[in-house]
Amino acid sequence: MARGEGERRSYQVQSLERALGILGCFTLRRPELSLIEICELTRLPKPTAFRLLSVLERARYVGRTPDGQRY
């Protein structure tokens, strides 16, 4: 199919989609979550969720509670 014809190409960046999924877990009713809760909500493996949360934390999109147990 030539460019511009039919459907537009769908660009995917899996890590970005996963990080946005993590951010979407936080709500006004659920402002703090543990790593396990995030894994359950996103169905991400714990190491993957932890790495993504580390990036989000460095960029200041999430922070940790004073006890370090929740985001």
Side-chain angles (χ1 to χ4, degrees):
M1 188 177 291
R3 208 170 155 188
E5 294 179 18
E7 292 183 37
R8 292 184 182 203
R9 284 187 171 176
S10 174
Y11 294 98
Q12 291 184 314
V13 179
Q14 188 177 39
S15 58
L16 178 58
E17 289 176 348
R18 288 176 169 181
L20 291 172
I22 288 173
L23 291 176
C25 292
F26 295 93
T27 66
L28 291 175
R29 291 182 184 235
R30 215 174 32 210
E32 296 179 1
L33 294 165
S34 69
L35 176 60
I36 298 301
E37 290 169 324
I38 291 167
C39 291
E40 289 171 355
L41 291 167
T42 61
R43 296 186 174 175
L44 290 173
K46 193 173 175 182
T48 301
F50 180 79
R51 285 192 308 270
L52 291 168
L53 282 161
S54 295
V55 172
L56 291 170
E57 188 176 10
R58 275 195 310 271
R60 298 184 181 180
Y61 283 95
V62 298
R64 289 196 193 202
T65 56
D67 65 5
Q69 298 300 309
R70 297 173 79 71
Y71 291 89

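We number each residue from 1, following the sequence as shown. Because only heavy atoms are used, hydrogens play no part in the values below, and waters and symmetry mates are left out as well, while side chains stay in.
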Shortest non-hydrogen contact between T65 and D67, atoms and distance: OG1-OD1, 2.6 Å
Atom [atom1] of [X] and atom [atom2] of [Y]: how far apart are they, to the nearest 0.5 Å?
| X | Y | atom1 | atom2 | result |
| --- | --- | --- | --- | --- |
| F26 | L41 | CZ | CG | 9.5 Å |
| L20 | L56 | CG | CG | 8.5 Å |
| L53 | C39 | CG | SG | 8.0 Å |
| E37 | T42 | CD | OG1 | 11.5 Å |
| C25 | Y71 | SG | OH | 13.0 Å |

Flag yes if more than 12 heavy atoms outside [X] fall under 6.0 Å of its [atom1] atom; otherwise flag no.
| X | atom1 | value |
| --- | --- | --- |
| Q14 | CD | no |
| R43 | CZ | no |
| Y61 | OH | no |

Path from V55 to F50 over hydrophobic side-chain contacts below 4.5 Å: no
Path from L16 to V62 over hydrophobic side-chain contacts below 4.5 Å: yes
Side chain proximity check, T48 to R18, heavy atoms < 4.5 angstrom: yes
Heavy-atom side-chain proximity of L35 to R70 below 4.5 angstrom: no
Candidate pair L44 and I22, rule side chain to side chain contact (heavy atoms under 4.5 Å, CB included), full reasoning: CA-CA 9 Å; L44 290 173; I22 288 173; 4.0 Å; yes
